[in-house]
Each structure stands twice: as structure tokens, then as C-alpha cells.
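The structure appears below as C-alpha cells.
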2 protein chains.
Amino acid sequence: MSDQQERQPPSRRIAEELRAAIMRGDLGDGDQLPSERDLAARYATARNTAREALGILQAEGLAQAQHGRGVFVRLRRPLMRMGRDRYSRRARNETGLSPFRIEVERQGRTPHTECRSVTTVQPPAEVAQRLGLDARQEVIRRENWYFADDEPMQVGVTYIPTTVVEGSPLATEKKLGRGSIYQRFEDLGYPIARIREELSARMPTPEEVKGLSIPPGVPVIELLHTSLDGDGRAFEVTRFVMRADVNGLDYEMPVED
Amino acid sequence: MSDQQERQPPSRRIAEELRAAIMRGDLGDGDQLPSERDLAARYATARNTAREALGILQAEGLAQAQHGRGVFVRLRRPLMRMGRDRYSRRARNETGLSPFRIEVERQGRTPHTECRSVTTVQPPAEVAQRLGLDARQEVIRRENWYFADDEPMQVGVTYIPTTVVEGSPLATEKKLGRGSIYQRFEDLGYPIARIREELSARMPTPEEVKGLSIPPGVPVIELLHTSLDGDGRAFEVTRFVMRADVNGLDYEMPVED
DNA sequence: GGCGGCAACTGGCTTAAGCCAGCTTCGATG
DNA sequence: CATCGAAGCTGGCTTAAGCCAGTTGCCGCC
């Protein structure tokens, strides 16, 4: 044991040894870690100290506890690659699918989307700004949940100026039938030509943990998407919250001069 | 107290009440939370139970403990917006600066970059793949650390095929003098024309926590960047690890057909 | 062979008590 | 007025013990 290790409190030292075992591959995806009681005996320490060590690994996203079963190395999962191409007309025309469905099917899973509400609201300030609206102007708010094999992957809250969707089922209906929302915008005279995507990452709120079934130690990616037509008009803003253990972004694009 | 709250263990209920106070704005950025001992007295509970509650908020990125001082609401900081424009020749020519420096100065802070090593290595598999190399072919590896006002913001490990930088200080020198690495690539016959950026988010490793001074409950954004020239040749791959509390990405781009 | 119950495993969470170490504030002294 | 030391605040961490609740495996019985 190195000098640095010697000075560490036992909970951190135990965590360090378990982490090293995971990193070396001695403990692989899905493998069970020693129990709290087992570690306590093995390291001649209190059960709570061992439990603290396991908690450190969970907070780092390396392990996941299951009540009554044990603590397991968290599975590293293939990420869904969400990219610019998901908005392309070619992708839409070839498959008739929305960007999310394309990617889920690419992974051999069954996509399923659920619109949970359609309301008329005043937009958040950052949304109003991107839509070029006065904050008092109301917009249509659609809340969509995205699943793969019944597993929640992300949630998207879409804001659309009422003028864009007057008379369209987009303004009133949860169920829109098959096809992409962007085909509908095109039919309404708003063909998507440019997008802006602003990304950040943070820890999920308890509501997001619950709604998206996010394991401990897993952050979310927050993606603020703006759609613009050929004239540069923003006609839709969507705030996505994506589980970071199953979602990634993948952009390929020219460098502007 | 609602039925749901009534059934929650005390540590979660205390956390919930503190979280609500933060969300309501009753506790603002930088405000001190009640101490462990104070909460224990107030809720007639054990100090460790109160401590557990504060730990929940730290894990969510809402609070930060300081040894001997207290627990404080974590500051929400303005994000540096890293985007496609950071690679543009116009931005480079107008400022003579690298993309990182442009953004730090935009925030009124002092940028500072430090190359910590230049070595020749065999690339990781995912890097070899993106550079179109056999994994046995060696590449130049440069490790750069990026600071704003002496605060570490991100680290980037750059891989460049040796053929691209033969005879260039890029292959051998830590200090490159003023100007952008992409100007040097242009001078070497590799003008950047396209980029690919693959993004994900995760919790940082202990080494990253230490090196980047990441507060608890703050994830990192991992950005795998590939630079391509006009012929579609990849000439550089950089893996960035960015503190998610101070970095965000911001892309505006045409939708491809 | 299937089913149910029980024992033994597991994690979830609390308690009371304690000691260590960092930081802040206040009072005494020069 | 400045400095230093002590007291009192703070968080870091452990201990021993305990009880609750979920899961699993095994054994007995039908």
C-alpha cells in the first residue's frame, strides 16, 4: 500500500480497490460486488463504512445497488447516436420515421413515443427569445416521452408559436399518426433548413430520475433544439432531457468560413 | 405533509424540503444551508441522518460542502459555449486565437493553456479508427489543459498521425507560441474543412475530479472531435473532457438533405 | 415436479456516540 | 491597532448496534 493510500480513510481505500478491480476488468459488466457485510468483515471495519465505500462507486456511476439482491457493476450500454442527420429530409423520406425512431430501430429495438400533453402556455424566457416572441405570447406546448422496448430514453418538451400550427392537429391532438413532425411542419409551409442545438449536462432532478428510470450516478444531457426555416425563422423549440447512459450526440458538419 | 412525504425516510424528507427551498429561491446561489447539527436538532433526528440529507443534495449537484465552513447552494455559472464557429477561419483570422481562448475572453476572463506532454504512442482503437489508421501505427499525442483565470475548465488529448506533422513543432514541442493549432495544420497542407463531434456525458473519474477541480455532483462532457480536410481525410482527433458546470456546446448548422 | 414457507442472504436506513480536522470569531495582550 | 490563542462553530468519518424490507435458495409436502 502506497503512502497516499495509507493516509486515506478506510471507506475511500475500499472504494479505490473496488474501482481498480472494475477498471482492470477483474469485475466486468453486471458482476456482483462483495456485499456490505462481506466487505466489513474482510476489511475489519464497520458495515456502514463498507456501505459508504459502495456508495462512492455508485455516485461515480460505476455500480448500482439493488435492494435485497446486491451491488453490481453497472452495464456500459451502446449509446444511441443522435445527430444532425436525424433531421434530414432523406432520412425522413426513406423511412417515414421520426429521428428518434430511426435510431432506436438502428439498434434493433422497438421505438415507442407517447405524447402526454398538449397545452397552450406562455413560453419560458429562453424559449420565447429563441422563437423571437414576446414572453406574453402564448405557444403550443407538447410533451413527448420516448421509449425503446418500453424503457424511457428521453423526454422532449416542444414549443410552437400558435401562428405556425393554426388549424393543424399539432395544436390540439396528442396522437398525430405515422410520420415525422418535421414533415408536418413542411406541409404547413415551414420546411426545416437549419437547426441550432445547445447542449449541457447535469445531474437529473428527482422527477427526471423517476420518469426516465435513471440509475444513480448517471447524469442527463440537456439539449435545447431550435428549428429554423429557409428564411431563418425559428418555428419550433424543443428542450430534450436525455439519459446520458444511453444517449449521445454525433454531429458531422462543414466548418464555416 | 402529504401521504407520499409521510412515508419517506427522514433523510429524504429533509433533502426534499431543502431542495424545495432552493428551487423556490428561498435559498439562493452561495447561500449557506443549515448545518448537520442544526438540521438534526430541528428535525429531532440523528446527525448522520441530517448529513445523509445534505449528501443527497450534493449528489444532485445542488449543494457543496466545505470542510469547517458549511454547506452552500452551488453557484449556477454561465456556460462557455463551445460551437462549430470555434473552428472557423474567420474567427481565427480576426482574433489570432484558438477556439478556447476566444470563448474565455468573451466571458471577460483570462485564458491560459498548458501542454503537459508530447509523446509518440499507439492510438486507442476508437482514435485509430477515426484517423483511418492501423492500431499499430504510432501517432503524436499531445495533452493540453485549459484554464480560465487559473481555474481548470477542460483537458484535451490530441492524436495526430506522424505523417501529418513530420518536421513540425507540433510533433515535438510543448510550447507552440501564439495562434491556433488549426492555422498550423493549414500551413502543413491540412486546412480544416469538416468536423465530427461526438458527445456524451458521465460522472468524472477521481483523477478528473482532482485534475479539473470538479465539485461533487457535477458530471463531465466527453467530446470526441475529429478534424477533416477538404478531401475528407481525418488529420486530427482530440478527446476533450469538460467540466459540465462551466461548459456547454452550441451548434448551428444547415440540415442536410 | 410444483408450490409454499422459512431461513439466510441482500440492501435501506437510523441511532447515539465519538473523535479528527478545518474555519471563524472574539477577547486578551502588547 | 495588530496579533495570537482559544473557544466554538463547521464538516469528515467511524463505530457498534439495530430494525425494516426485498430477494433468493432450499427443503418439505402434496
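All chains are named by letter (A, B, ...) in the order of the sequence lines, taking the proteins before the strands, and each is independently numbered beginning at 1. What you are looking at is a predicted structure, and each value in this text was computed from that prediction instead of being measured.
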Quiz item: Under a criterion of less than 4.0 angstrom to any heavy atom of chain B, what are the 5'-terminal and 3'-terminal contacting nucleotides of DNA chain C?
Solution: dC13(C) to dT24(C)

Self-check item: salt bridge (charged side-chain N to carboxylate O under 4.0 Å, His left out) partners of Arg196(B), counting only residues at least two apart
Solution: Asp250(A), Glu198(B)

Give the table of side-chain donor-acceptor pairs shorter than 3.5 Å for residues 28-36 of chain B, with sequence neighbours excluded, one pair per line with atom names and distance.
unit_1: Asp29(B); atom_1: OD1; unit_2: Arg76(B); atom_2: NE; d: 3.1
unit_1: Asp29(B); atom_1: OD1; unit_2: Arg76(B); atom_2: NH2; d: 2.8
unit_1: Asp29(B); atom_1: OD2; unit_2: Arg76(B); atom_2: N; d: 2.8
unit_1: Asp31(B); atom_1: OD2; unit_2: Gly28(B); atom_2: N; d: 2.8
unit_1: Gln32(B); atom_1: NE2; unit_2: Arg69(B); atom_2: O; d: 3.4
unit_1: Ser35(B); atom_1: OG; unit_2: Asp38(B); atom_2: N; d: 3.0
unit_1: Glu36(B); atom_1: OE1; unit_2: Arg47(B); atom_2: NE; d: 2.7
unit_1: Glu36(B); atom_1: OE1; unit_2: Arg47(B); atom_2: NH2; d: 2.7
unit_1: Glu36(B); atom_1: OE2; unit_2: Arg51(B); atom_2: NH1; d: 2.5

Quiz item: Can you pull the salt bridge (Lys or Arg N to Asp or Glu O under 4.0 Å) pairs that have at least one residue in residues 212-224 of chain B, sequence neighbours excluded?
Solution: Arg202(B)-Glu222(B), Glu222(B)-Arg239(B)

Quiz item: Under the salt bridge (charged side-chain N to carboxylate O under 4.0 Å, His left out) test, which residues partner Arg77(A), sequence neighbours left out?
Solution: Glu151(A)

Quiz prompt | Listed partners of Tyr159(A) passing ring-ring contact (aromatic ring centres under 6.0 Å, His included), at least two apart | solution = none

Restricting to nitrogen or oxygen on both sides, can you table the protein-nucleotides 24-27 of chain D pairs closer than 3.5 Å?
unit_1: dT24(D); atom_1: OP1; unit_2: Arg69(A); atom_2: NE; d: 2.8

Quiz prompt | Pairing residues for Asp150(B) by the salt bridge (charged side-chain N to carboxylate O under 4.0 Å, His left out) criterion, not counting sequence neighbours | solution = none

Practice problem: Only counting residues at least two apart or in another chain, list the ones meeting side-chain contact (heavy atoms from CB on, under 4.5 Å) with Ala244(B). | Solution: Ala201(A), Pro219(B), Ile221(B)

Quiz item: Taking only residues two or more places apart in sequence, or in another chain, which ones meet Phe147(A) in a ring-ring contact (aromatic ring centres under 6.0 Å, His included)?
Solution: His112(A)

Exercise. Could you list the residues that satisfy ring-ring contact (aromatic ring centres under 6.0 Å, His included) with Tyr251(A), not counting sequence neighbours?
Key: Tyr251(B)

Quiz item: Which sits closer to the 5' end of DNA chain D, Arg37(A) or Pro10(A), going by the nucleotide each is nearest to?
Solution: Pro10(A)

Quiz prompt | Contact residues, residues 43-66 of chain B to DNA chain C [heavy atom, < 4.0 Å] | solution = Thr45(B), Ala46(B), Arg47(B), Asn48(B), Thr49(B)

Quiz item: Any salt bridge between Glu114(A) and Arg116(A), counting N to O under 4.0 Å?
Solution: yes

